[in-house]
There are 2 protein chains.
Amino acid sequence: MMSSVPPRRRIPEATVARLPVYQRSLTELREGGVATVSSEQLADLAGVNAAKVRKDLSYLGSYGTRGVGYEVEYLLFQMNRELGLSQDLGVVIVGMGNLGQALANYGGFGERGFPVGALVDTDATKVGNVVHGHTVQHLDDLEDIVGKGRIRIGIIATPVEAAQNVADLLVGAGVESILNFAPTTVHVPEGVTLRKVDLALELQILGFYQHRDAPDAAVEA
Amino acid sequence: MMSSVPPRRRIPEATVARLPVYQRSLTELREGGVATVSSEQLADLAGVNAAKVRKDLSYLGSYGTRGVGYEVEYLLFQMNRELGLSQDLGVVIVGMGNLGQALANYGGFGERGFPVGALVDTDATKVGNVVHGHTVQHLDDLEDIVGKGRIRIGIIATPVEAAQNVADLLVGAGVESILNFAPTTVHVPEGVTLRKVDLALELQILGFYQHRDAPDAAVEA
DNA sequence: CGGTCCATGTGATTGTGAACACGAGAACGC
DNA sequence: GCGTTCTCGTGTTCACAATCACATGGACCG
Ligand SMILES: NC(=O)c1ccc[n+]([C@@H]2O[C@H](COP(=O)([O-])OP(=O)(O)OC[C@H]3O[C@@H](n4cnc5c(N)ncnc54)[C@H](O)[C@@H]3O)[C@@H](O)[C@H]2O)c1
Ligand SMILES: NC(=O)c1ccc[n+]([C@@H]2O[C@H](COP(=O)([O-])OP(=O)(O)OC[C@H]3O[C@@H](n4cnc5c(N)ncnc54)[C@H](O)[C@@H]3O)[C@@H](O)[C@H]2O)c1
């Protein structure tokens, strides 16, 4: 059959990054029993300006009502469809150290459509442990784990030295999206989406602006 | 005396976000005993292209040698100066749950010039505990903690409900930079820099592209 | 049923960052 | 000391994102 969703205009990357924020705000509104919302209200909740909200939402289609606003329920449905929330994408976390365990214990991923399907490590003292209901498995079994567990996304929470190797193994096992927490550059083949989260880097950016705004503070002992 | 550092051109935000990546790569090169590096080599290490590296570095000044490359040691010195690494900025982590503890146990922040100076929570069963050498203190004492500890940056690792309140308290205590991990929008007054890290949002972005590239996978049960 | 109101949706404009191409200039060999 | 070679530094061009401004069209009232 034909594709049921006609290929709308391509959605700009910057907009894609904001859609989940709107989605979160809309979900809160729905919980609160709010039926309709204006672009201005939504902008305030999401921390952006109203014009941007309207432009962003327009990429999804014309789901608002002029003079009134957007119906929360309907807009949320359309957004979830566009974001692909209709299907859950299983996640494997590689590296069960401080960070990996915190991530594994966090319930927020499953709630948002990303159930943690498997946990992996190489350390013999960690393999076999149960974390948040999942038994930690060995990296050597990654291919099986990913294949059988319908895993679509990999999270790298290993030390820097192992990151590239783990990424290669994830790709080899069929994972198409990777989120990397190790503070290093990893390369992936085309077709695989990689995003990185570097917490120390975030602090450095904050530090830069603080330094810039008050450079003389450095003088003070 | 006059300002020793003449106000060079304003550095674009996108460049600021990349400088720490270069810095990290340069540090690795220095460890490896490499004396000079070309923009192309550095680009490869940082995962960007050579032209961007040159442009970015040019905002710091002309520290390269044409036909040769950049002297690692000297460039690193200049970069650290620009990034303000000469002075350490103390960090307070608010919320000692899964994530907060993982952050507190992480040694990478101190190494990069951001020593964790204090840990804070409200839960009576957590206050008084020692995590990674720091005694967890109560949120009520935040103002004292920030003032006496020369804390300049606050990290919010509390549940969503508490995030805005904690941010307000941090600002009230004199913190000028905040890194927020709670998946919610928090507002801060002008003059305070806020950055957010939303891990579920990162997964949603990955999920979007995966959904887009293979939308029919949704059909498959 | 016509008029008014009001927030959306979107073309136009402005601003910012990425990519490109090439001139500038330092090292090195002859 | 001259020419060659190599890589930086940067002006220019192109692409994309933010912002603006207003026409559009549905809702609602009388
Ligand atoms: N903990 C934090 O808050 C934090 C913050 C920022 C960045 N990071 C980064 O996240 C990564 C993990 O940090 P952490 O504090 O959890 O470190 P950690 O040392 O506590 O844990 C690392 C885990 O990875 C496992 N491991 C090592 N090699 C592996 C491999 N090849 N395959 C699978 N597992 C492997 C180890 O056995 C260990 O359990 C590091 O790269 C760190 O720089 C952590
Ligand atoms: N754990 C993760 O991997 C993870 C991932 C993504 C996002 N987050 C977000 O990070 C935040 C923390 O997550 P978590 O898993 O550590 O939660 P958690 O429930 O384990 O810990 C929250 C901690 O904050 C403390 N707290 C509550 N109110 C406080 C207040 N007003 N002041 C100070 N402390 C307070 C609690 O006592 C608790 O110790 C949440 O907003 C969560 O959504 C966590």
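Naming convention: chains lettered A, B, ... in sequence-line order (proteins, then strands); numbering from 1 in each chain.
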| task | Let me know the distance between NZ of B:Lys55 and C1' of C:dA19, rounded to the nearest Å. | result | 10 Å
| said: How many whole angstroms separate atom CG of A:Leu57 from atom P of C:dG9? | reply: 7 Å
| Nearest-Å distance, CG (A:Leu60) to P (C:dG9)? | 10 Å
| task | Measure from CD1 on B:Ile11 to P on D:dT10 and round the result to the nearest Å. | result | 14 Å
| request: Using a cut-off of strictly less than 4.0 Å, decide whether A:Thr65 has a side-chain nitrogen or oxygen near OP1 or OP2 of C:dT8. | output: no
| Salt-bridge criterion met for B:Arg112 and B:Asp88 (N-O under 4.0 Å) | no
| request: With DNA chain C as reference, determine whether A:Asp56 or A:Gly69 sits nearer its 5' end, using the nearest nucleotide of each. | output: A:Gly69
| field | B:Arg212 with A:Glu82: basic N within carboxylate O range, under 4.0 Å | value | yes
| said: Can you confirm if the aromatic rings of B:Tyr70 and B:Tyr63 lie within a centre distance of less than 6.0 Å? | reply: no
| message | Pick the closest DNA chain D nucleotide for A:Lys52 and for B:Val68 by heavy atoms, then say which residue is nearer the 5' end. | response | B:Val68
| query | What integer distance in Å separates B:Glu13:CD from C:dT16:C1'? | reply | 10 Å
| remark: Atom OH of B:Tyr70 and atom P of D:dG9 are separated, to the nearest Å, by 4 Å
| note | Distance col, row B:Leu29:CG vs B:Leu76:CG, nearest 0.5 angstrom, shows 9.0 Å
| message | Let's see if you can work this out: which of C:dG17, D:dC8, C:dC20 has an atom nearest to the side-chain heavy atoms of B:Ser38? | response | D:dC8
| Can you tell me how far C1' of D:dT10 sits from OH of B:Tyr59, to the nearest Å? | 10 Å
| said: OP1 or OP2 of C:dA18 versus the side-chain N and O atoms of B:Asn49: is any pair under 4.0 Å? | reply: no
| remark: Which of B:Leu45, B:Val48, B:Leu60, B:Val37 passes side-chain contact (heavy atoms from CB on, under 4.5 Å) with B:Tyr22? Answer is B:Val48
| query | Would one find a side-chain N or O of A:Arg66 under 4.0 angstrom from OP1 or OP2 of C:dT4? | reply | no
| request: Classify the side chain of A:Arg54 versus the base of C:dT8 as yes if they form a donor-acceptor pair under 3.5 Å and no if they do not. | output: no
| Sugar-phosphate, base or nothing in reach of B:Glu40, heavy atoms under 4.0 Å | nothing
| note | Testing D:dA18, D:dG9, D:dC8 for proximity to the side chain of B:Ser58, the answer is D:dG9
| Tell me: CG of B:Leu75 to C1' of D:dT7, nearest whole Å? | 14 Å
